[in-house]
Each structure stands twice: as structure tokens, then as C-alpha cells.
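Everything below concerns the one structure shown next.
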Amino acid sequence: MAQPAVVEVRRSDRRRRMVSARREGDTVIVFIPGWMSDSEERRWVDEMVRRLERSEARRRSPARKGDEELRRRSMELSRRYLESRAEPVTVRWVPPMRTRWASCTPADATIRISERLRDVPGWVVDYVLVHELAHLLEPGHDDPFWEWVHRYPRAERAMGYLEGLSAAAGLGLAGIDGEEPEAAAG
């Protein structure tokens, strides 16, 4: 099995049976009981890395593969949450934007999604797509716009995720498309 770039094993004498793993940046940290043999450690490290990668793959959006998949996903989300009323001409990944996660130009029905979002969970990308699709129906951030956006059931959770991601990375990104979250909610 192909190992990630860095695996760190942390042994604990307090840990009796449970083995767990998590990713911190590019490092996979595997927590194991202190009594395990070296061969058991190797087996569990392989197993936990495999489980973690499988879990991460399930959370990824198929839209991250390319622009056409991103557009297909946006059409599915428009059908599901926006009564098929939002029809973008193009939806594409773009190099990281300095002040926003995504942008939409309603005049030509184009949507651009920052490459910074390629590795976030699929439900977060879906939220960003719904947000931008809603701009094709309501250009501003007024109440009717937010009514469309909140049809997506994980909207609030995704907004919190993006705020946390921005803060943790020190990006200082405001809202989805540059709007301050406080102003956007009103």
C-alpha cells in the first residue's frame, strides 16, 4: 500500500485497545496502545491509513475532478434545490482568489470556484455552488437570495466550516464571494 508522505505513530500506555488515526496537514497520526509489537504496529498503521484515505475519498466531491464535473454537479444542485431555475453557462475551477472562495457573474451566467476548495468535503463545495447558483436568480445578498441559499440543508454548517478554514489558514476571506458574513445574514 502506498503510504502518505509522513506517518507519525504515537504510543500511549493509557490506551488499552483502541487504535485511531487523524490527519494533521500532510501528516497522518496513528494512535496505538503502548503494548503493541512492531509487527502489530505496522499492520495497524497500514489499516488506519487505508481507512482514513477511504473516509476522505467518500467525503470528496466528484466535482473536484474537473470543470465539466463541476458544471454537472451545479446542474444537479440547481435541480434539487433551486427548481432547475439556475442555469450557468460555465462553472470552472480557477487559481486561488485573494478575497473570496468563489464568484458569479449573473450577466453572463459564469461561476468561478477557487482551487482552495478542491480538498474540502463535498458538502462544502455543494454549498458554495448553491450560493453562486442563487446569484443567477438574485444578484445581491438580500432576503430572497438567502431564501434560495438556505434550501440547501447544510448551508449553515458549510458557512461555519469556511469561516473556520479561513481563520485557521489566516486567509482573512470574508463570506463566500467577498461579502462580510454579518452583512450577508441580514
Quiz item: Roughly how far, to the nearest 0.5 Å, is CZ of Arg73 from CG of Asp126?
Solution: 4.0 Å
Quiz item: Using 30° and 60° as the class limits, which term best fits the ring planes of His131 and His135: parallel, tilted or perpendicular?
Solution: perpendicular
Exercise. Kindly write out the residues that satisfy side chain to side chain donor-acceptor pair (under 3.5 Å) with Ser37, not counting sequence neighbours, or none if the list is empty.
Key: Ser39, Glu40
Exercise. Considering non-hydrogen atoms only, spot the tightest contact between Ala155 and Tyr127 and give its length.
Key: CA-CD1, 3.6 Å
Quiz item: Can you name the side chain to side chain donor-acceptor pair (under 3.5 Å) partners of Arg85, sequence neighbours left out?
Solution: none
Exercise. Sorted by first residue and then second, give each salt bridge (Lys or Arg N to Asp or Glu O under 4.0 Å) pair with at least one member in residues 149-159; sequence neighbours left out.
Key: Glu83-Arg151
Exercise. Grab the two heavy atoms, one from Trp148 and one from Ala134, that are nearest each other, plus how far apart they are.
Key: CB-CB, 4.0 Å
Quiz item: Can you tell me how far CE of Met48 sits from CG of Asp46, rounded to the nearest 0.5 angstrom?
Solution: 12.0 Å
Practice problem: Report the residues that fulfil side-chain contact (heavy atoms from CB on, under 4.5 Å) with Val130, sequence neighbours left out, ordered by chain and then residue number. | Solution: Leu77, Tyr81, Tyr152
Quiz item: Who are the side chain to side chain donor-acceptor pair (under 3.5 Å) partners of Arg10, not counting sequence neighbours?
Solution: Glu8
Quiz item: Thr105 and Arg112: side-chain donor and acceptor closer than 3.5 Å?
Solution: yes
Quiz item: Among the clusters formed by ILVMFWY side chains lying less than 4.5 Å apart, do Met75 and Leu82 turn up in the same one?
Solution: no
Practice problem: Provide the closest heavy-atom pair for Trp146 versus His141 in the form atom of the first, atom of the second, distance. | Solution: NE1-O, 3.3 Å
Self-check item: From Phe31 atom CZ to Arg22 atom CZ, the distance as rounded to the nearest 0.5 Å
Solution: 3.5 Å
Quiz item: Heavy atoms, side chains only, cut-off 4.5 Å: are Val7 and Val30 in contact?
Solution: yes
Self-check item: Glu87: side chain to side chain donor-acceptor pair (under 3.5 Å) partners, not counting sequence neighbours
Solution: none
Exercise. Using modelled atom types only, decide if a donor and an acceptor are shared between the side chain of Arg71 and the backbone of Pro88 within a distance under 3.5 Å.
Key: yes
Self-check item: Residue pair Tyr161 / Pro121: nearest heavy atoms and the distance that separates them
Solution: OH-CD, 3.1 Å
Self-check item: Side chain Trp35, main chain Arg16, donor-acceptor under 3.5 Å
Solution: yes
Practice problem: With side-chain contact (heavy atoms from CB on, under 4.5 Å) as the test, would you mind laying out the steps for Val120 and Val128 before giving the verdict? | Solution: CA-CA 11 Å; Val120 301; Val128 172; over 6 Å; no
Self-check item: Closest non-hydrogen atom pair, Leu129 against Ser74
Solution: CD2-CB, 4.2 Å
Practice problem: Indicate yes or no: at least one non-hydrogen side-chain atom of Glu47 is less than 4.5 angstrom from one of Val19. | Solution: no
Quiz item: Atom CG in Asp67, atom CD1 in Ile111: separation rounded to 0.5 Å?
Solution: 12.0 Å
Self-check item: Salt bridge flag under 4.0 Å for residues Arg79 and Glu76
Solution: yes
Quiz item: Are any side-chain N or O atoms of Arg11 and backbone N or O atoms of Gly34, one a donor and one an acceptor, separated by less than 3.5 Å?
Solution: yes
Quiz item: Is the side chain of Trp101 donor-acceptor paired with the backbone N or O of Ser114 at a distance under 3.5 Å, no angle test?
Solution: no
Self-check item: N/O donor-acceptor pair under 3.5 Å between Ser78 side chain and Ala86 backbone
Solution: yes
Quiz item: Distance from Leu117 atom CG to Met97 atom CE, nearest 0.5 Å?
Solution: 8.5 Å
Quiz item: If we only count heavy atoms from C-beta on, is the Val124 to Leu165 side-chain gap below 4.5 Å?
Solution: no
Quiz item: With the 4.5 Å side-chain cut-off for hydrophobic clustering, are Val9 and Ile29 part of the same group?
Solution: no
Quiz item: Counting heavy atoms not belonging to Arg92, are there more than 12 under 6.0 Å from its CZ?
Solution: no
Quiz item: From Glu132 CD over to Arg100 CZ, what is the distance, rounded to the nearest 0.5 angstrom?
Solution: 8.5 Å
Quiz item: Hey, is the main chain of Ile113 close enough, under 3.5 Å, to the side chain of Arg116 for a donor-acceptor pair?
Solution: no
